[in-house]
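Residue numbers start from 1 in every chain, and the chains themselves are labelled A, B, ... in the order their sequence lines are given, proteins ahead of strands.
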Number of protein chains: 2
Amino acid sequence: MNIGDVSRLSGLPAKTIRYYEDIGLVAPQRSDNGYRSFRDSDLHKLTFMGRARSLGFTIEDCRNLLALYDDRERASSDVKVIAREHLGRIDQKLKELQEMHETLTHLVDECAGDHRPDCPILAGLSAGADEELSAVAS
Amino acid sequence: MNIGDVSRLSGLPAKTIRYYEDIGLVAPQRSDNGYRSFRDSDLHKLTFMGRARSLGFTIEDCRNLLALYDDRERASSDVKVIAREHLGRIDQKLKELQEMHETLTHLVDECAGDHRPDCPILAGLSAGADEELSAVAS
DNA sequence: ATACGGGTTCCCCTTACAGGAAGGTCAAGG
DNA sequence: CCTTGACCTTCCTGTAAGGGGAACCCGTAT
């Protein structure tokens, strides 16, 4: 298979696939004309990468997962550790986003959004600066 | 105020403040010794930046918000538009993260996490590759 | 002969800073 | 007077994960 084929089958852009070769995640053969020649196992890895990346695993996570994937002797607990760590990061990010969402929703709801210049959003964003200054001055 | 003072008061690292000057978000004076000399209005802007960034606004969003902040004539609707666009992006990101969370939770729950090599997580991540290959072959 | 649809390498661009080197400044202490 | 240490300065490099595009081969169909 040429890069276009694996690109279509894996759903990854060709650029991404070349990049993954660059950083040593896949090592396709080369044809006589210099084209990359991918085997089924390469396609497997790339598809795996696509899924793991879409779940938000970093490249380094993926590298570790791929190594475990290749290792028929590894314990499933090794994989579970990586996955749970990642789940923890997702939880954290979710919490942050939910807070942002809440705060911003409040601000937006309070803003009239008309032609007048009064805007609780800007007021909310700038709140605190004066207090901090006077606290230092006192 | 020197950079260390505004850093402490705004909560932003000095590096970040210098960066914000680089890209034209603040324009502090200079003392005779070459040190940056910040006025209260600079501190206000930087504090504003800190809050807006912590809510996930991009630098470009912040640049626009700062311009609106400085413009006593702007309509609050201008601000509301930016905020609502950002809220939409947050919603989107939340949805994605929740999906990731769900999928990964399923996979982790199904994994025994013991010494045996069978791992539903890896199986789940690699699912699909074979089907796609055979679909092409047929 | 040429057009076109692959493929290749190479280099710069992105976001929003962080880290660190090399060196100037300022106030306090010996 | 010298040093020490905390600040400050600029400049350069690096990050994650590729994207965009130039300049150039390859193979086939017209």
Checklist entry - How many angstroms lie between NE2 in B:His115 and OG in A:Ser76, if you round to the nearest 0.5 Å? => result 9.0 Å
Next on the checklist: If the threshold is 4.0 Å, N to carboxylate O, is there a salt bridge linking B:Asp42 and B:Arg39?
Outcome noted: yes
Item to check | Global bending angle along the helix from C:dA1-D:dT30 to C:dG30-D:dC1, which compares the axes of five pairs at either end, to 10 degrees | outcome: 40°
Non-hydrogen side-chain atoms of [X] and [Y] separated by less than 4.5 Å:
{"X": "B:Leu122", "Y": "A:Phe48", "answer": "yes"}
{"X": "A:Glu21", "Y": "A:Leu25", "answer": "no"}
{"X": "A:Arg89", "Y": "A:Asp61", "answer": "yes"}

How many whole angstroms separate atom [atom1] of [X] from atom [atom2] of [N]?
{"X": "B:Met1", "N": "D:dC8", "atom1": "CE", "atom2": "C1'", "result": "16 Å"}
{"X": "B:Ile23", "N": "C:dC13", "atom1": "CD1", "atom2": "C1'", "result": "16 Å"}
{"X": "B:Asp32", "N": "D:dC8", "atom1": "CG", "atom2": "P", "result": "17 Å"}
{"X": "B:Asn2", "N": "C:dG24", "atom1": "CG", "atom2": "P", "result": "19 Å"}

Next on the checklist: Could you check whether atom CD of A:Glu99 has more than 12 heavy atoms from other residues, nucleotides or ligands sitting under 6.0 Å from it?
Outcome noted: no
Next on the checklist: Would you say CZ of A:Arg116 has more than 12 non-hydrogen atoms from neighbouring residues, nucleotides or ligands within 6.0 angstrom?
Outcome noted: no
Next on the checklist: Is there a path of hydrophobic side-chain contacts, each under 4.5 Å between heavy atoms of I/L/V/M/F/W/Y residues, joining A:Leu43 to A:Ile23?
Outcome noted: yes
Checklist entry - Among residues 83-94 of chain A, which residues get a heavy atom nearer than 4.0 Å to DNA chain C? => result none
Next on the checklist: Using side-chain contact (heavy atoms from CB on, under 4.5 Å), reason through A:Phe57 and A:Leu65 one step at a time and then give a plain yes or no.
Outcome noted: CA-CA 9 Å; A:Phe57 285 98; A:Leu65 287 172; 3.9 Å; yes
Next on the checklist: Main chain of A:His101, side chain of A:Thr105: is a donor-acceptor contact present, judged purely on distance under 3.5 Å?
Outcome noted: yes
Checklist outcome for this item: In B/S/- notation (B base, S sugar-phosphate only, - none; protein heavy atoms under 4.0 Å), nucleotides 9-17 of chain D written 5' to 3' is BBB-----B
